[in-house]
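Count residues from 1 along the sequence.
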Amino acid sequence: MEKCWERRGCDEEMQGRCPHNQPGEPCPSECNFAACVRKTHVVTDDLDLILNPDRDYAAAVKEVCRICEHFLVHGPDLADREGEVERPGNPNRFLL
């Protein structure tokens with residue numbers, strides 16, 4: 001069976017970060033196939049939403065969800081997660 005990155009023409013660097021290659025990782029925002037077309041997707045500029053320490057950012061399916069107002073308002077909190085709570089991989093994701 002053909003892999004998604006073979007069909008989509010992703011370069012080697014992108015293949016190394018592909019969530020289909022590394023289960024549990026969100027779809028990278030620079031991937032041409034990561035765009036959200038839902039009516040609820042609105043990129044926010046509200047830093048209080050973006051920097052909410054209670055939000056479970058690891059629950060985001062795509063990296064773009066982490067700056068989406070809908071996810072940041074309605075998404076799950078860390079307190080809602082069952083089991084061990086881990087922070088997402090990139091500790092510098094909020095450096096602007």
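Counting heavy atoms from C-beta on, the side chains of D77 and R55 come closer than 4.5 Å. Using a 4.5 Å heavy-atom cutoff, the side chains of D54 and L78 are not in contact. Counting heavy atoms from C-beta on, the side chains of T44 and I50 come closer than 4.5 Å. Considering only heavy atoms from C-beta on, E69 comes within 4.5 Å of L49 through its side chain. You'll find the side chain of L72 reaches within 4.5 Å of the side chain of Y57, heavy atoms only.
Pairing each heavy atom of D48 with each of D46, the nearest pair is N-OD1, 2.9 Å. The two residues R66 and A58 have their closest heavy-atom pair at NH2-CA, 4.4 Å. In plain terms, the two heavy atoms of P76 and F71 that are nearest each other are CD-CE1, 4.0 Å.
Cluster membership for L47 and V43, using ILVMFWY side-chain heavy atoms within less than 4.5 angstrom, is not shared.
Here the straight-line distance linking atom NE2 of H41 with atom SG of C65 works out to 7.5 Å at 0.5 Å rounding.
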